[in-house]
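All chains are named by letter (A, B, ...) in the order of the sequence lines, taking the proteins before the strands, and each is independently numbered beginning at 1. On a predicted model such as this, the values are computed, not experimentally measured, just so you know.
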Protein chains: 2
Amino acid sequence: MATTTAAQRRARAKTEYDAFLAACPSRQLLDRISDKWVALILCALGSGGPGAGDSDGPRAMRYSQLSRALAGVSQKMLTQTLRSLERDGLLTRTVTPTVPVTVTYELTELGLSLHQMVRGVKAWAEAHMDDVLAHRATVEVAGSS
Amino acid sequence: MATTTAAQRRARAKTEYDAFLAACPSRQLLDRISDKWVALILCALGSGGPGAGDSDGPRAMRYSQLSRALAGVSQKMLTQTLRSLERDGLLTRTVTPTVPVTVTYELTELGLSLHQMVRGVKAWAEAHMDDVLAHRATVEVAGSS
DNA sequence: CCTCGCTACTTCCCAGCGGGAAGTAGGTAC
DNA sequence: GTACCTACTTCCCGCTGGGAAGTAGCGAGG
């Protein structure tokens, strides 16, 4: 059928590309890492939250601390993201059977090494914010004329 | 007061951006960067696609080239993401009125600087893929017992 | 002539993901 | 007994992103 050739080609090309990309390790992890909450959690656990600047140090944080540090995160997404990061060995989840159950999260060595990368991105975002905002304004003015 | 140090940091933080604050524009920028398609597009434009290794060089790529390089991206998301990146001044969109209209995308200096960061993350993903997979397997085994 | 095809989108529809908020467990303080 | 604490879990629903078809302008072919 000549009419379904395009669809078939597309479907087969996708499978081939998926296989190709499955062989490329960066793709799977990149999709996981490229999540806003993942980046924020790594930054928080690596630098100790909003008030601690960018100085590093392996900080253990409690669930409620993280919830406060990452303003805007829903409890569901926080739990979900933390679990997937734990599953991938980027952080450890420690339950302390104190009076109210206390759960602390801490970056592993692996997570800490990724934190170095993510911190670079976060630093870039904060450093080049002005450039981006300036360019947005330029585009807006140009578009309105 | 021991809080003097904190006050000094706070004063400096006034002039800078803090991505942890939900209201801060740099937070929105980080959210935008932390998108899988953004990361992939930056990688493709910075290194010339899947087959070109990690050697850098400002590669201008056409829409269809990008679409092929980022297998799995929908046309809608590709256009949408490219437009937002153009809006933020990370890449330039050039329309060449050839016989079939040709559109090329190229990283700006700003986009190139971000690419350096993203490439670091990509390199990390490639380097530590095995660790992550190994840990996932460990968790699975531990969970099933 | 009409139609196909090529480019780079744009539009429509729908599933699925993420946010908001309420519910859960197990203890302690009042 | 009731309220409350932490760290979730569950439900509902709106928005986002994917799939695929439609669009525009022009050259080639029947």
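Between Tyr63(A) atom OH and dA25(C) atom P the separation is 17 Å, expressed in whole Å. Rounded to a whole Å, the NZ atom of Lys76(A) is 11 Å from the P atom of dC11(D). For the pair Leu82(A) CG and dC8(D) C1', the interatomic distance rounds to 11 Å; values are reported in whole Å. Taking atom CZ on Arg68(A) and atom C1' on dA7(D), their separation rounds to 12 Å, with Å as the unit. Leu78(B) places its CG atom 8 Å from the P atom of dC9(C), with the value rounded to the nearest Å. The separation between Tyr105(B) atom OH and dT7(C) atom P is 14 Å, rounded to whole Å. Taking atom CD of Gln75(A) as the reference point, atom C1' of dA21(C) lies 9 Å away to the nearest angstrom. Remark: C1' of dG16(C) and CE of Met77(A) are 13 Å apart, rounded to the nearest angstrom.
If you find the closest nucleotide of DNA chain C to Thr104(B) and to Ser74(A), the one lying nearer the 5' end belongs to Thr104(B).
A sub-4.0 Å separation between OP1 or OP2 of dG18(D) and a side-chain N or O of Trp37(B) is present. For dG18(C), one of the phosphate oxygens OP1 or OP2 lies less than 4.0 angstrom from a side-chain nitrogen or oxygen of Gln80(A). A sub-4.0 Å separation between OP1 or OP2 of dT6(D) and a side-chain N or O of Arg62(A) is absent. Checking the phosphate oxygens (OP1, OP2) of dT10(C), a side-chain nitrogen or oxygen of Arg83(B) falls inside 4.0 Å.
Of the possible donor and acceptor atoms, none in the side chain of Thr96(B) sits under 3.5 Å from a partner among the backbone N and O of Thr98(B). Although no hydrogens or angles enter the test, the distance criterion places no donor-acceptor pair under 3.5 Å between the side chain of Ser26(B) and the main chain of Leu29(B).
Across all strands shown, Ser64(B) has heavy atoms under 4.0 Å from sugar-phosphate atoms exclusively, and none from any base. As judged by a 4.0 angstrom heavy-atom cut-off over every strand, Thr98(A) is placed among residues making no nucleic acid contact.
One finds no salt bridge joining Arg32(B) and Asp88(B) here, because no Lys/Arg side-chain nitrogen approaches an Asp/Glu carboxylate oxygen to under 4.0 Å.
In this structure, NE2 on His115(B) lies 12.5 Å from CG on Leu90(B), to the nearest 0.5 angstrom.
Looking at Tyr63(B) and Thr104(B), their side chains never bring a donor and an acceptor atom within 3.5 Å of each other.
Taking only side-chain atoms of Lys36(B), from C-beta outward, the nucleotide of dA8(C), dG18(D), dC8(D) with the closest atom is dG18(D).
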